[in-house]
Number of protein chains: 2
Amino acid sequence: MLSKKTQYALKALGYLAGKYGQGPVLISEIAKNKKIPIKFLETILLELKQNNVLESKKGKGGGYYLIESPKKTTLAQAIRLVGGPIALLPCVSINFYEKCKDCNEATCGLNKAMLQTRDATLKILEKKTLAELIDG
Amino acid sequence: MLSKKTQYALKALGYLAGKYGQGPVLISEIAKNKKIPIKFLETILLELKQNNVLESKKGKGGGYYLIESPKKTTLAQAIRLVGGPIALLPCVSINFYEKCKDCNEATCGLNKAMLQTRDATLKILEKKTLAELIDG
DNA sequence: TAATAGTCTATTGTTTAAGTAGACTTATTT
DNA sequence: AAATAAGTCTACTTAAACAATAGACTATTA
């Protein structure tokens, strides 16, 4: 299961995708429409900015907005940016890999099964982009 | 990512699958071979017993063992037993379903994407059984 | 009846999620 | 150019879930 943080990030990115090209969007607007705790959302958006997905503008008329077209960012990229692993186990994760203490990956049946599910999941998440998150 | 508890449960079940039909296996033996904190493992095995997957015997010569043949339990069933959701979001989970606060599932793109990944994952995990977790 | 091994209760530590307070920046208005 | 309003940024606190540990208790076998 994705963490709340990751879920909120995806929701927020979807909202911003729908407003792409229309200038900065207020944090409070995103929070209200997507039912996200505003202070938690602040830290998430800030992190996305530091990862060069969002840009922000301060002061009156400010807010957050996508740097690139929504079609340029895949869901797999978005999930990884906010620290959400996609694989079900560390030993089959690409970005959060950790070796198992107890098993030989070449012969471990669990490893094999989880590798297959990871690949199936990635196949989907690497094709979908933020544009697909726009409502309607 | 599956919780530690779920990971440990799968490892332990895999170990017991390899010893199926050979009588009770000590908690300590499983813990040692699978590098699982023994006290944590105790609670996990007890839960699996209460869910009618394992049986136990107390006293000397005691231990835990699988009730049914390893081929009878799928990985999807095993994961769910110890409380591990398979879907990436609550709104696409079969056993841990929760409605989103902010979205209409019929039109939500995120819901659609996550449904697809859930189906792809389930297709694999419902075919694999505990027998596949046996090493070698 | 002594030793073995599972069962139960309680407690501690760690991470994640959420909420609070306030400082800092920028843009507008006058 | 100064005041103010609108917004982001930083640091700290609280609450809940998850992971791990410790020890007493109960049942079984030899």
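- To the nearest angstrom, C1' of D:dG7 lies 12 Å from CD1 of A:Ile30.
- Ionic pairing of B:Glu29 and B:Lys32 is not present here: no N-O contact between side-chain nitrogen and carboxylate oxygen is shorter than 4.0 angstrom.
- Going from atom CE of A:Met1 over to atom C1' of D:dC18 covers 15 Å, rounded to whole Å.
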Side-chain donor/acceptor pairs under 3.5 Å, residues 65-77 of chain A, sequence neighbours excluded:
residue: A:Ser69; atom: OG; partner: A:Lys71; partner atom: N; Å: 3.2
residue: A:Thr74; atom: OG1; partner: A:Gln77; partner atom: N; Å: 3.1
residue: A:Gln77; atom: OE1; partner: A:Thr74; partner atom: N; Å: 2.9

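- Between A:Gln7 and A:Leu2, the shortest heavy-atom contact is NE2-O, 3.0 Å.
- One can place CD1 of B:Ile44 at 12 Å from C1' of D:dC18, the figure rounded to the nearest angstrom.
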Pairs under 3.5 Å (N/O, protein and nucleotides 14-18 of chain C):
residue: C:dA17; atom: OP1; partner: A:Lys4; partner atom: N; Å: 3.1

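- D:dC18 atom P lies 14 Å from atom CD of B:Gln7, rounded to whole Å.
- A salt bridge does not link A:Glu105 with A:Lys112: every distance from a Lys NZ or Arg NE/NH1/NH2 to an Asp or Glu carboxylate oxygen is 4.0 Å or more.
- Listed nucleotides C:dG6, C:dC8, D:dC9 differ in distance to B:Ser56; the shortest reach to its side chain belongs to C:dG6.
- The shortest distance between the side-chain N/O atoms of A:Tyr65 and the OP1/OP2 oxygens of D:dT8 is not below 4.0 Å.
- Nucleic acid contact for B:Leu45: none, since no nucleic acid atom lies under 4.0 Å from a heavy atom of the residue.
- Distance, A:Glu42 CD to C:dT20 C1': 11 Å, rounded to whole Å.
- Between B:Asp102 and A:Asn33 the shortest side-chain heavy-atom distance does not fall below 4.5 Å.
- A pairwise comparison of heavy atoms in A:Arg80 and A:Asn95 identifies NE-ND2, 2.8 Å as the closest pair.
- Judged by atom type and distance alone, A:Lys39 reaches the base of C:dG22 through a side-chain donor-acceptor pair under 3.5 Å.
- Residue B:Ile38 is classed as having no contact, given no heavy-atom separation below 4.0 Å to the nucleic acid.
- B:Leu10 and B:Ala78 make their closest contact through CD2-CB, 3.9 Å (heavy atoms, listed as atom of the first residue, atom of the second, distance).
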N/O contacts under 3.5 Å, protein versus nucleotides 27-30 of chain D?
residue: D:dT29; atom: OP1; partner: B:Lys57; partner atom: NZ; Å: 3.4

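- B:Ile36 places its CD1 atom 10 Å from the P atom of D:dA20, with the value rounded to the nearest Å.
- Residues B:Pro37 and B:Tyr8 are in side-chain contact: their nearest non-hydrogen atoms beyond the backbone lie under 4.5 Å apart.
- At the heavy-atom level, B:Ile27 lies under 4.0 Å from the strands shown only through sugar-phosphate atoms.
- If you measure from atom CG of B:Leu41 to atom P of C:dC8, you get 15 Å, rounded to the nearest angstrom.
- The distance from atom CG of A:Leu48 to atom P of D:dC9 is 12 Å, rounded to the nearest whole Å.
- Environment of CD in B:Gln22: crowded, with over 12 heavy atoms of neighbouring residues, nucleotides or ligands closer than 6.0 Å.
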